[in-house]
Every structure is written in structure tokens, then in C-alpha cells.
Amino acid sequence: MFDLVCIGCGATYRSDAVIYSCSKCGHLLEVRYDLANINITRKEWQKRPLSVWRYHELLPVSGSPVTLHEGGTPLYHLKRIGEELGIKELYAKHEGMNPSGSFKDRGMTVGVSMALQLGMKSVACASTGNTSASLAVYGAKAGIPVIVLLPSGKVALGKVAQALMHGAKVISIHGNFDRALEMVRDLCEKKGIYLLNSVNPYRLEGQKTIGFETIDQLDGEVPDRMILPVGNAGNISAVYKGLIELTELGFVDHMPMMTGIQAEGSQPVVKAIKENLPEVIPEASPETIATAIRIGAPVNAEKVLNAIRMSKGTADSVTDDEILAMQRALAQKEGIGVEPASAASVAGVKKLVEAGVIDRDERIVCVVTGHLLKDPETVIKQCAPPIECEATLESLLAALHL
Ligand SMILES: Cc1ncc(COP(=O)(O)O)c(C=O)c1O
């Protein structure tokens, strides 16, 4: 039903090969379906519950998946922030509402299911946090051992807590994420462990369903623009790929402009887009409060440049202050709690609208990628502490100035 195809030279690999990049030219692989033989209509999809698995005809898993009911996340209309920015149709797809609190679950339900399908006995990843939390959760559900490599001291507390509690072997590397990824790739190759970073083409298959759901939630309408925070650039590339499949199936007739937002201190993709470079030049020391996107050498560089350029989208960066201000705005004006990296997408809208790059008439969907509680330390630092109060009504009234 599908092949693994090299995005560089077009070499084709069997679907049961354990392989992450082309053995001939080294480029990344992607899953290609025989779309002419996919017998499904959008109407039939819509009869099923909104979830990753609504779209199983366009996913590689053949048996029962390892699932915790991922996907089916809300698409919120950002009325107040939209009004302030003069945009009528501004939406947030809240991926923090997945089982482990981030979009990674969409990738892991598919990735871990494929690990079992391929007969793998253990799985591993490097992570800025959410990937490790999600892999720990799905590894636990599948009953296979999980190894995760984290950049020491640079992972938000909630994510480390999840990886530990769900039973992963957690290794704290004295180096950044990019180095941890190199190490885990070597480890997996040498020890026959299944790699579940976003170089794994199956993970991206799960993540592409963000785009499918968005279109279903907009009653079949394609947003003018989809905006995502970009780190390793897997998610934006995945959503683009999925929407291309929908156009090839004739389910939609055009593509949204794919727009990537990075943090100012970690913006190799933005630089490549703005300077029209043929490739992304890695940054050696990325830095941002949004630790989830603190990545200097995105592995999906080639895919993201193609997604942004082919869809006539763009990329821009936002400062840490802009990220935190939008995190507070989402929490306090919309009731939507997201972690800093997620707020980057909406902060990017504000910047691009004010700069006149985004038209106020556009229908815009921001993907907010992870839940507020992932990074409690950054939250606490921004908020005044609770008011201490004696256990009497008098003290309470005084504390409330009433
Ligand atoms: C919350 C959050 N947002 C965005 C991203 C970036 O996604 P990608 O690496 O696919 O670009 C990540 C990646 O870890 C993340 O955890």
C-alpha cells in the first residue's frame, strides 16, 4: 500500500525496511501511498470520531495501533486576540490537549505501532522534552523499553517528570539537543534500537493529521495560512505533506501558506528563508526560553524549505519577550494554556500582521503545540506568588482589599 521514497534521489525502499535516510544519497525518506487506490471519501471520514485514526487509510499501520485516543484536539476561535489584531478568523489548534500534552502523541501512536509492526524490541529518541514524554507514554502502553537522551538542564520540568514516571531510561547529556540527536542516531544504528525522532518518516505520518483535522473542523474549508513553531521542522513538514495528499485525492483544491516561527536565538530556518539560501545553515549555540524549539540543526531542513517555498508561506522569528507576552495573552484573554514554544506561533501572527506581511482578512490557524503545565517553572517566574492569608474571614477580606 505504500513505499518509503527518498526525497532526494527518489530511491524506493520496502515498507518493512528499518531505515531513516537514503542509503544511496543520504537524504530523508517519506511515506508514499498509492493514492489512486485509496478508496475513501471525506464524508466517510467525517462519520468517524475526530482522531488520528479517523484517517487510517492514509497511515502506514496495518494492525491494531498502540493508542491512547490521540488527536481530536479543539480548534479554538481566538476572538479577543483576533479582535485586538484586527483579524476576524484567527484560530488555535490546541495540541496540548493530547494524552501526554503535546502534538508528539500523534507521531508516537503511529511510530510506536510501526516499531511493533517491524518487530523492534526497544525504542529511543533525543528530545527537547515533549518527544521523550510522549515516547515514554506510548512505550509504556506498548510494553517496550524506552531510552531518551535529554540536553542536561535544558528540559522543562513537566516533561522530565513524564519521561521518568512513565518508566523511560532517561539520560541527561552534557551537550545540546543537536548533539543528543547525533548520539542517539549512532546508538540506534549500532544497537538495533528503533529511532523515533522526526527523521523517522512514520512519526510524521501521524503528525500530518493535524492538518486533516483542521480542515474537517473548518467544514472542509482550507485556511489561508497555517502557522507553526519550528524546531526540528518535522511538524510543519508533516502538515504540509498531509495537505498535499488531500489535494492529490481531490479533497481540497488549494494549500494554505505554511508559515514557520522560530525564536530569535534559534532561527536557522528563518535565516534560510529570508536570505533565500539553498539550504539551512546550522546554528552552533541556539538559545531561547522556549526550550522545545531550542534547536540549531533541524534534521528536516530540506522538507521545511520545500514546504514553505512551495506553499508560498514564510518564516519569521519572535523574541523571548514576545513569546512570553503571547503565552500570558492566550492564558488570560482566551483561557488557553500553552507552553512558550507554542505561543511562538501566535506571537508570530502578531508580528507579521503588524509588519503587513499577513493580511488581516486571512483565515489563520495557529498550531499551539504543547500544554501550559509542561513548563511550570517558566509560568511561576512570570506570575506573582499566591497571597498568604491567615485562616480567618477578616484576613481574607484584608488580603482581597474588600
Ligand atoms: C511544544 C513544541 N512545539 C514545537 C516543537 C517543534 O516541532 P518540530 O521539531 O517538529 O519543528 C516542539 C518540538 O519538540 C515542541 O515540543
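Indexing begins at 1, ligand by ligand and atom by atom, following the structure's order. If you're wondering where the values come from, they're calculated on a predicted model, not measured in any experiment.
In E189, the CD atom is not crowded: 12 or fewer heavy atoms of neighbouring residues, nucleotides or ligands sit closer than 6.0 Å. The 12-atom threshold is exceeded at CG of L277, counting heavy atoms of other residues, nucleotides or ligands nearer than 6.0 Å. Within a 6.0 Å radius of CD1 in I387, other residues, nucleotides and ligands contribute 12 heavy atoms or fewer.
Close contacts between ligand 1 and N232 involve ligand atoms 8 (P), 9 (O), 11 (O) [criterion: under 4.0 Å to a heavy atom]. Atoms of ligand 1 found under 4.0 Å from any heavy atom of A292 (numbered from 1 in listed order, with element): 1 (C), 2 (C), 12 (C), 13 (C), 14 (O), 15 (C), 16 (O). Near A341, meaning under 4.0 Å from any of its heavy atoms, are these atoms of ligand 1: 3 (N). Taking every heavy atom of N130 and a limit of under 4.0 angstrom, the matching atoms of ligand 1 come to 1 (C), 2 (C), 15 (C), 16 (O). Close contacts of ligand 1 with V230, meaning ligand atoms under 4.0 Å from a residue heavy atom, involve 11 (O). Heavy-atom proximity to F103, at under 4.0 Å, picks out these atoms of ligand 1: 2 (C), 3 (N), 4 (C), 5 (C), 7 (O), 12 (C), 15 (C). Residue I293 has at least one heavy-atom neighbour below 4.0 Å for each of these atoms of ligand 1: 4 (C), 5 (C), 6 (C). The ligand atoms of ligand 1 that sit less than 4.0 angstrom from a heavy atom of T128 are 14 (O).
Across the listed options V299, N235, V367, N235 owns the non-hydrogen atom lying nearest to atom 10 (O) of ligand 1.
At the top of the distance list for atom 3 (N) of ligand 1, counting protein heavy atoms only, stands T369 OG1, 2.7 Å.
Between the side chains of Y194 and N200, a donor-acceptor pair is found at a separation under 3.5 Å. In summary, the side chains of K154 and N176 do not present any donor paired with an acceptor at a separation below 3.5 Å, with no hydrogens or angles considered.
Across K79, K333, K350, a single residue satisfies side chain to side chain contact (heavy atoms under 4.5 Å, CB included) together with E84, and that is K333.
Under 4.0 angstrom from ligand 1, the non-hydrogen atoms of E339 all belong to its side chain. Of the heavy atoms in K104, only side-chain atoms (C-beta onward) come closer than 4.0 Å to ligand 1.
Taking 4.0 Å as the cut-off, S198 does not count as a neighbour of ligand 1 on heavy-atom distance. Heavy atoms of E95 stay at 4.0 angstrom or farther from ligand 1.
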Side chains of residues 135-146: which donor-acceptor partners sit under 3.5 Å, not counting sequence neighbours?
residue: Y138; atom: OH; partner: E70; partner atom: OE1; Å: 2.5

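Panel note: side chain R203, backbone G107; no donor-acceptor pair is recorded below 3.5 Å.
Contact check on E221 versus R363 returns a salt bridge, with a Lys/Arg side-chain nitrogen under 4.0 Å from an Asp/Glu carboxylate oxygen.
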